[in-house]
Engineer: 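Below is the structure I would like to discuss, written out as structure tokens.
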Amino acid sequence: MGDAVKQFQAFIDQLEEPLQTTFQKIHQGHVTETLMRFLKARDWDPSKAHNMLVDCLNWRVQNEIDNILSKPIVPADLYRAVRDSQLIGLSGYSKEGLPVFAIGVGLSTFDKASVHYYVQSHIQINEYRDRIILPSASKKQKRPIITCIKVLDMTGLKLSALNQIKLLTIISSIDDLNYPEKTNTYYIVNAPYIFSACWKVVKPLLQERTRRKIQVLSGCGRDELLNIMDYSSLPHFCKREGSGSSRHSESGSENCYSLDHPFHQELYNYIKQQARVHEAVEPIKQGSFHVDFPEPPDEEVEIAKTIESELHKFENGNSV
């Protein structure tokens with residue numbers, strides 16, 4: 001392992017500008033940990049990890065990812081519509097100091113804006129996590145915090161989720177290729193029967209590395225999650241057993257998906273403030289920030305197809 005890191009480090013030392021600068025945005029001072037993330041994602045093969053990192057750095061430069069936190073989605077009403085239909089938020093921190101992100105898989109509709117806005121918003125949250133949240137968590141814990149925990153709420157998962165498979169595949173490819181090994185554990189909660197049926201089929205297709213990170217909890221997962229986080233950090237949909245996860249059952253400050261939640265307020269204000277700094281140099285263009293979508297890796301396309309065919313079988317064989 002040490003040899004692989006050394007070999008990889010030697011590759012990286014030869015990086016030229018502008019790749020060297022964008023690499024600093026990725027590692028935030030934790031170079032070894034960053035190299036290990038890319039090595040893990042490529043089974044500890046230094047040359048494959050090197051290719052992966054160089055592709056990622058080129059993608060960042062070509063798509064101006066370093067500036068994405070100064071490109072607000074405007075007007076605010078449009079951003080609110082994105083937030084209401086792409087459900088993600090920061091609910092708190094685990095006892096070990098890892099940020100806990102809540103994701104409403106079942107209730108996200110992705111139908112209020114173009115794909116580009118959803119991709120832009122997703123990357124902005126990734127970048128804010130990596131440049132602001134994780135460094136401040138590391139400072140607080142006095143050790144490198146480079147991963148987060150994700151709690152995936154499957155409430156409301158329906159067959160119509162098929163319409164979102166393409167967008168979800170784009171987003172997960174962006175994460176796999178450019179933000180590898182950023183999630184420590186995925187906890188799946190409120191899983192309806194339809195999810196369980198798909199999970200049996202999809203689980204064997206996942207790489208062992210990914211499979212080990214996924215835990216399907218019973219019900220809303222509250223009791224198990226309380227072992228690793230305090231009640232105040234639980235996502236709103238895990239707080240009350242049996243209450244489901246209606247988006248409207250909590251106040252804006254409680255519901256971490258909402259634009260009114262402190263996390264989203266801080267994020268949006270940060271982006272607007274960065275935009276003002278940036279605007280002093282060059283005017284901001286209206287419209288979404290176009291990012292090239294990576295071609296999803298073959299195994300991801302396969303998984304998406306398998307989920308699709310399972311859901312169709314399910315639809316034909318059972319009335320849900």
Engineer: Is there a side chain to side chain contact (heavy atoms under 4.5 Å, CB included) between Leu35 and Gln9 once you walk through the steps?
Structural biologist: CA-CA 7 Å; Leu35 297 182; Gln9 179 73 62; 3.4 Å; yes
Engineer: Side chains of Gln273 and Asn269 only: does a donor on one sit below 3.5 Å from an acceptor on the other?
Structural biologist: no
Engineer: Mind checking whether Leu206 and Tyr179 sit in one hydrophobic cluster, side chains of I, L, V, M, F, W, Y counted as touching below 4.5 Å?
Structural biologist: yes
Engineer: Compare every heavy atom of Ile194 with every heavy atom of Leu157, then report the nearest pair and how far apart it is.
Structural biologist: O-CG2, 3.8 Å
Engineer: Considering all heavy atoms of both residues, which atom of Cys238 and which atom of Cys220 are nearest to each other, and what is their separation?
Structural biologist: SG-O, 3.2 Å
Engineer: I'd like to know whether Tyr268 forms a side chain to side chain contact (heavy atoms under 4.5 Å, CB included) with Phe263, so could you lay out the CA-CA distance, the side-chain angles of the two residues, the decisive distance to 0.1 Å, and finally the verdict.
Structural biologist: CA-CA 9 Å; Tyr268 199 48; Phe263 164 69; over 6 Å; no
Engineer: Does the side chain of Ser121 pick up a donor-acceptor pair with the side chain of Arg83 at under 3.5 Å?
Structural biologist: yes
Engineer: So, does Ser70 use its side chain to make a donor-acceptor pair with the main chain of Asn67 at under 3.5 Å?
Structural biologist: yes
Engineer: Walk me through it: do Asp130 and His27 pass the test side chain to side chain contact (heavy atoms under 4.5 Å, CB included)?
Structural biologist: CA-CA 9 Å; Asp130 295 353; His27 68 62; over 6 Å; no
Engineer: Quick one: which of Ile103, Ile214, Val100 gives a side-chain contact (heavy atoms from CB on, under 4.5 Å) with Lys150?
Structural biologist: Ile103
Engineer: So, do Phe8 and Phe38 have ring centers that fall under 6.0 Å from each other?
Structural biologist: no
Engineer: Do the non-hydrogen side-chain atoms of Asn126 and Asn178 ever get within less than 4.5 Å of each other?
Structural biologist: no
Engineer: Linking I/L/V/M/F/W/Y whenever their side-chain heavy atoms sit closer than 4.5 Å, directly or via other members, would Val74 and Tyr270 fall into one cluster?
Structural biologist: yes
Engineer: Between Tyr93 and Ala137, which heavy-atom pair has the shortest distance, and what is it?
Structural biologist: CE2-CB, 4.3 Å
Engineer: Can you check whether Phe110's main-chain N or O pairs, donor with acceptor, with Gln86's side chain at less than 3.5 Å?
Structural biologist: no
Engineer: Measuring from Leu226:CG to Asp223:CG, what's the distance to the nearest 0.5 Å?
Structural biologist: 6.5 Å
Engineer: Is any side-chain heavy atom of Arg129 closer than 4.5 Å to one of Leu90?
Structural biologist: no
Engineer: Would you say the side-chain atoms of Ser94 pair up with the backbone N or O of Glu96, donor to acceptor, closer than 3.5 Å?
Structural biologist: yes
Engineer: Do you reckon Met154 sits in the same ILVMFWY cluster as Val201, going by side-chain contacts under 4.5 Å, direct or chained?
Structural biologist: no
Engineer: Would you confirm whether Ser85, through its side chain, and Ala81, through its main-chain N or O, come within 3.5 Å as a donor-acceptor pair?
Structural biologist: yes
Engineer: List for me each residue that meets side-chain hydrogen bond (donor to acceptor under 3.5 Å, both in side chains) alongside Thr34, sequence neighbours excluded, and say none if there are none.
Structural biologist: none
Engineer: NZ of Lys272: more than 12 outside heavy atoms within 6.0 angstrom?
Structural biologist: yes
Engineer: Is any side-chain heavy atom of Arg222 less than 4.5 Å from a side-chain heavy atom of Val189?
Structural biologist: no
Engineer: Please report the interatomic distance CD(Gln215) to CD1(Ile188), rounded to the nearest 0.5 Å.
Structural biologist: 10.0 Å
Engineer: Working note: Asp3 + Gln7, criterion side chain to side chain donor-acceptor pair (under 3.5 Å); need CA distance, chi angles, decisive distance, verdict.
Structural biologist: CA-CA 6 Å; Asp3 286 351; Gln7 257 178 289; over 6 Å; no
Engineer: Find the distance between OG (Ser138) and CD1 (Ile146) and round it off to the nearest 0.5 Å.
Structural biologist: 8.5 Å
Engineer: Would you indicate whether Gln141, at its atom CD, is surrounded by more than 12 heavy atoms from other residues, nucleotides or ligands within a distance under 6.0 Å?
Structural biologist: yes
Engineer: Which label fits Tyr257 and His236: parallel for a plane angle under 30°, tilted from 30 to 60°, or perpendicular past 60°?
Structural biologist: perpendicular
Engineer: Does Glu127 come within less than 4.0 Å of Lys25, counting only side-chain N to carboxylate O?
Structural biologist: no
Engineer: Answer yes or no: are there more than 12 heavy-atom neighbours, outside Lys95 itself, under 6.0 Å from its atom NZ?
Structural biologist: yes
Engineer: Does the Thr185 side chain pair with the main chain of Ile149, one donor and one acceptor, at a distance under 3.5 Å?
Structural biologist: no
Engineer: Does this structure show an ion pair linking Lys112 with Asp84, if we count only N-O contacts that are shorter than 4.0 Å?
Structural biologist: no
Engineer: Are any of the side-chain heavy atoms of Phe23 and Ile12 separated by less than 4.5 Å?
Structural biologist: yes
Engineer: Looking at Ile145, Ile228, Thr183, Leu134, which one forms a side-chain contact (heavy atoms from CB on, under 4.5 Å) with Leu98?
Structural biologist: Ile145
Engineer: Would you indicate whether the side-chain heavy atoms of Cys56 and Ile26 approach each other to under 4.5 Å?
Structural biologist: yes
Engineer: With heavy-atom distances below 4.5 Å as the criterion, would you say the side chains of Lys71 and Gln274 are in contact?
Structural biologist: no
Engineer: Do Asp230 and Ser232 pair up side chain to side chain, a donor and an acceptor below 3.5 Å, judged on atom types alone?
Structural biologist: no
Engineer: Side chains of Thr22 and Asp66 only: does a donor on one sit below 3.5 Å from an acceptor on the other?
Structural biologist: yes
Engineer: Closer than 3.5 angstrom, by distance alone: can the side chain of Gln124 be matched with the main-chain N or O of Ile68 as a donor-acceptor pair?
Structural biologist: yes
Engineer: Over all heavy atoms of both residues, which pair between Met36 and Val5 is shortest? Give the atoms and the distance, please.
Structural biologist: CG-CG2, 3.8 Å
Engineer: Taking all non-hydrogen atoms of both residues into account, name the closest pair between Asp176 and Pro180 and its distance.
Structural biologist: O-CB, 3.8 Å
Engineer: Assign the ring pair Phe195 / Trp199 to parallel, tilted or perpendicular, where the plane angle (0 to 90°) is split at 30° and 60°.
Structural biologist: parallel
Engineer: Measure the CD-OH distance between Gln120 and Tyr79 for me, rounded to the nearest 0.5 Å.
Structural biologist: 9.0 Å
Engineer: Carefully, step by step, assess His122 and Tyr118 under the rule ring pair (Phe, Tyr, Trp, His ring centres under 6.0 Å).
Structural biologist: CA-CA 6 Å; His122 178 79; Tyr118 289 116; over 10 Å; no
Engineer: How many angstroms lie between CD1 in Ile271 and NE2 in His278, if you round to the nearest 0.5 Å?
Structural biologist: 13.0 Å
Engineer: Would you find a donor on one side and an acceptor on the other, under 3.5 Å apart, between the side chain of Asp43 and the backbone of Asp45?
Structural biologist: no
Engineer: Are Leu69 and Arg131 side-chain neighbours, meaning at least one heavy-atom pair lies under 4.5 Å?
Structural biologist: yes
Engineer: Can a donor-acceptor pair be found, under 3.5 Å and without considering hydrogens, that links the side chain of Glu33 to the backbone of Arg37?
Structural biologist: no
Engineer: Hey, are Arg80 and Asp260 close enough for a salt bridge, meaning a charged N less than 4.0 Å from a carboxylate O?
Structural biologist: yes
Engineer: Is there a side-chain contact between Val119 and Ile123, using heavy atoms and a 4.5 Å cut-off?
Structural biologist: yes
Engineer: May I ask you to decide if Phe101's main-chain N or O and Ser91's side chain share a donor-acceptor pair within less than 3.5 Å?
Structural biologist: no
Engineer: I need the Lys239 NZ to Tyr231 OH distance, nearest 0.5 Å.
Structural biologist: 5.5 Å
Engineer: Are Glu208 and Arg212 close enough for a salt bridge, meaning some N to O gap below 4.0 Å?
Structural biologist: yes
Engineer: Looking at Arg42 and Glu181, does any basic side-chain N land under 4.0 Å from a carboxylate oxygen?
Structural biologist: no
Engineer: What verdict does the side chain to side chain contact (heavy atoms under 4.5 Å, CB included) test give for Thr155 and Phe237, after you've listed the backbone C-alpha separation in whole Å, the side-chain angles of each residue and the deciding distance to 0.1 Å?
Structural biologist: CA-CA 9 Å; Thr155 299; Phe237 49 80; 5.6 Å; no
Engineer: Provide the closest heavy-atom pair for Ala113 versus Val82 in the form atom of the first, atom of the second, distance.
Structural biologist: CB-CG2, 3.9 Å
